[in-house]
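Reviewing the structure listed below.
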Amino acid sequence: MTDKELEFCVLCGPLEDALEMLDNGDTAGARAVLERVVLRARELCDQERRAQETGGGR
C-alpha cells in the first residue's frame, strides 16, 4: 500500500464513523469527527503543496 492509499484509508474510516453517528442521531459527535477529518485533509494538502513547491513530491 502506498502512502497516498494509506492516507486515503485514514480519512475514510472516520467518515464512515460520522455517517453512522448521523444515522444514530449524534450530530454533535459526527460534526466533531468531520471537523477532525477536514483538518487532517487540509494538513495533507498543505504537505503535498509544499512538496510540489520544493520539487519533492511523493
- Message: What's the separation between atom CG in L39 and atom CG in L44, rounded to the nearest 0.5 Å?
- Response: 10.0 Å
- Query: Can a salt bridge be assigned to the pair R50 and E53 using a cut-off of 4.0 Å between side-chain N and carboxylate O?
  - Reply: no
- Do L15 and L34 pass the side chain to side chain contact (heavy atoms under 4.5 Å, CB included) test, and can you show the C-alpha distance, the side-chain angles, and the key distance before you say yes or no? CA-CA 7 Å; L15 290 176; L34 292 171; 3.7 Å; yes
- For A30 against A18, the heavy-atom pair lying closest together: CB-O, 3.6 Å
- Query: Among side-chain atoms of Q47 and E43, is any donor-acceptor pair under 3.5 angstrom?
  - Reply: no
- Query: Are the charged groups of E35 and R40 less than 4.0 angstrom apart, N to O?
  - Reply: no
- Message: Can you give me the closest heavy-atom contact between P14 and V37, atom names plus distance?
- Response: CB-CG2, 3.4 Å
- Query: Less than 4.5 Å apart, any side-chain heavy atom of M21 and any of N24?
  - Reply: no
- Task: With rounding to the nearest 0.5 Å, note down the distance linking CG in L22 to CG in D17.
- Result: 11.0 Å
